[in-house]
Student: 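This is the structure I want to talk about, given as structure tokens.
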Amino acid sequence: MPQGSDDRVRTWITRESLDDFAQFEDIVREVGSVEDGALLFFQGRVRRTNRGRAVSRLAYEAYGEMAERELSAICHEALETFDVGSVAAAHRVGDLGLGEVSVAIAVTSAHRDDGYRASRWIIETIKVRLPVWKHEHYEDGESHWVGAPSPEAGASAGGPRFG
Amino acid sequence: MMDRISVRTLFFGVYGELAARREGSAELPADSTVADLVEALRGAGGLDWLPESVVVAVNQSYAEAGTTLSDGDEVALIPPVAGG
């Protein structure tokens with residue numbers, strides 16, 4: 001069940017599948033309002049090709065409690081920053097196969113522009129702030145932590161800096 | 001006021017792999033900062049690869065290098081995040 005919620009925000013980190021739209025429809029019905037004329041729904045899915053390499057599966061690791069708190073904080077900030085009615089967001093952890101949904105975001109708003117902007121801001125902020133890591137496994141049997149220094153790159157990927 | 005504090009350290013993602021452990025602990029003088037801890041870890045065996053500017057969370061919130069640590073704090077070493 002979704003956790004870290006208040007009236008208009010639902011967020012959760014889960015090992016369970018996020019592939020089914022229906023769970024978000026239910027939440028939107030619960031936290032959304034008839035004042036909202038737009039619903040934006042975003043899914044991030046496991047892609048076969050990343051940086052030219054054939055991916056076979058992904059393993060996501062999260063700093064559990066902090067990830068719950070950060071995801072909730074991000075969505076509450078979106079609610080304060082944009083003119084949106086409600087936000088629901090969830091992120092998977094554990095092993096994911098190709099095509100599986102790793103992240104899902106639903107935003108309702110009175111008008112479409114606010115929804116598009118909020119949805120985009122939430123996914124971009126997740127990518128720089130949410131304490132989640134991705135271990136990519138490739139078809140050739142190798143694996144790599146995304147964002148970590150790689151022998152090919154020869155240098156550290158410039159991640160976000162806090163403090 | 002105690003002379004020394006003990007903090008719990010957590011290593012995530014590639015840091016867990018490089019450190020060959022997911023968690024540990026560190027003893028520091030009282031009033032040590034995040035930067036002091038990172039310096040101590042970098043000087044400890046097997047952790048010299050840790051970036052000086054590593055991102056750190058204290059008790060599950062992102063913290064600055066100058067943040068003062070307290071006895072019993074949970075300090076996570078955060079490699080570049082890759083959610084989404």
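Below, read A as the first sequence line, B as the second, and so on, with proteins coming before strands; counting in each chain starts at 1. Just so you know, these numbers come straight off a predicted model, no measurement behind them. As a basis for the values below, the full set of heavy atoms in this structure was taken, side chains included, without hydrogen atoms, waters or symmetry mates.
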Student: Looking only at heavy atoms, what is the nearest atom pair of P80(B) and G147(A), with distance?
Tutor: CG-O, 3.5 Å
Student: What part of E124(A) is in contact with chain B, defined as an atom under 4.5 angstrom from a non-hydrogen atom: side chain, backbone, both or neither?
Tutor: neither
Student: More than 12 non-hydrogen atoms from neighbouring residues, nucleotides or ligands closer than 6.0 Å to CZ on F41(A), yes or no?
Tutor: yes
Student: Would V56(B) and L41(B) show up in the same hydrophobic cluster when neighbours are defined by side-chain heavy atoms closer than 4.5 Å?
Tutor: yes
Student: What distance do M66(A) atom CE and Y62(B) atom OH have between them, rounded to the nearest 0.5 Å?
Tutor: 4.5 Å
Student: Is it true that V146(A) and V132(A) fall in one hydrophobic cluster, defined by side-chain heavy atoms closer than 4.5 Å?
Tutor: no
Student: Which atoms of L10(B) come close to chain A, meaning under 4.5 Å heavy atom to heavy atom: side chain ones, backbone ones, both, or neither?
Tutor: side chain
Student: Within this structure, what is the CH2-CD distance for the pair W145(A) and E17(B), rounded to the nearest 0.5 Å?
Tutor: 7.0 Å
Student: Linking I/L/V/M/F/W/Y whenever any side-chain heavy atoms sit under 4.5 Å apart, do L79(A) and V28(A) land together?
Tutor: no
Student: I'd like to know if the side chain of Y60(A) and the backbone of G84(B) have a donor-acceptor N/O pair within less than 3.5 Å.
Tutor: yes
Student: Compare every heavy atom of V81(B) with every heavy atom of L130(A), then report the nearest pair and how far apart it is.
Tutor: O-CB, 3.3 Å
Student: Would one find more than 12 heavy atoms of other residues, nucleotides or ligands at under 6.0 Å from atom CZ of R42(B)?
Tutor: yes
Student: If you group Ile, Leu, Val, Met, Phe, Trp and Tyr by side-chain heavy-atom gaps below 4.5 Å, do I126(A) and V93(A) land in one group?
Tutor: yes
Student: Which bit of A62(A) comes within less than 4.5 Å of chain B, counting heavy atoms only: side chain, backbone, both or neither?
Tutor: backbone
Student: Kindly work out whether a path of hydrophobic side-chain contacts (I/L/V/M/F/W/Y, heavy atoms less than 4.5 Å apart) joins W121(A) to I123(A).
Tutor: yes
Student: Check this for me: E16(A), atom CD, are more than 12 non-hydrogen atoms of other residues, nucleotides or ligands nearer than 6.0 Å?
Tutor: no
Student: Measuring heavy-atom distances to chain A, does T67(B) have an atom under 4.5 Å in its side chain, in its backbone, in both, or in neither?
Tutor: neither
Student: Select one option (side chain, backbone, both, neither) describing which atoms of E61(A) are under 4.5 Å from chain B's heavy atoms.
Tutor: side chain
Student: Look at the aromatic rings of W133(A) and F12(B) and report parallel, tilted or perpendicular, splitting at 30° and 60°.
Tutor: parallel
Student: Heavy atoms only: give me the nearest R69(A)-N59(B) pair and the separation to one decimal.
Tutor: NH1-O, 3.8 Å
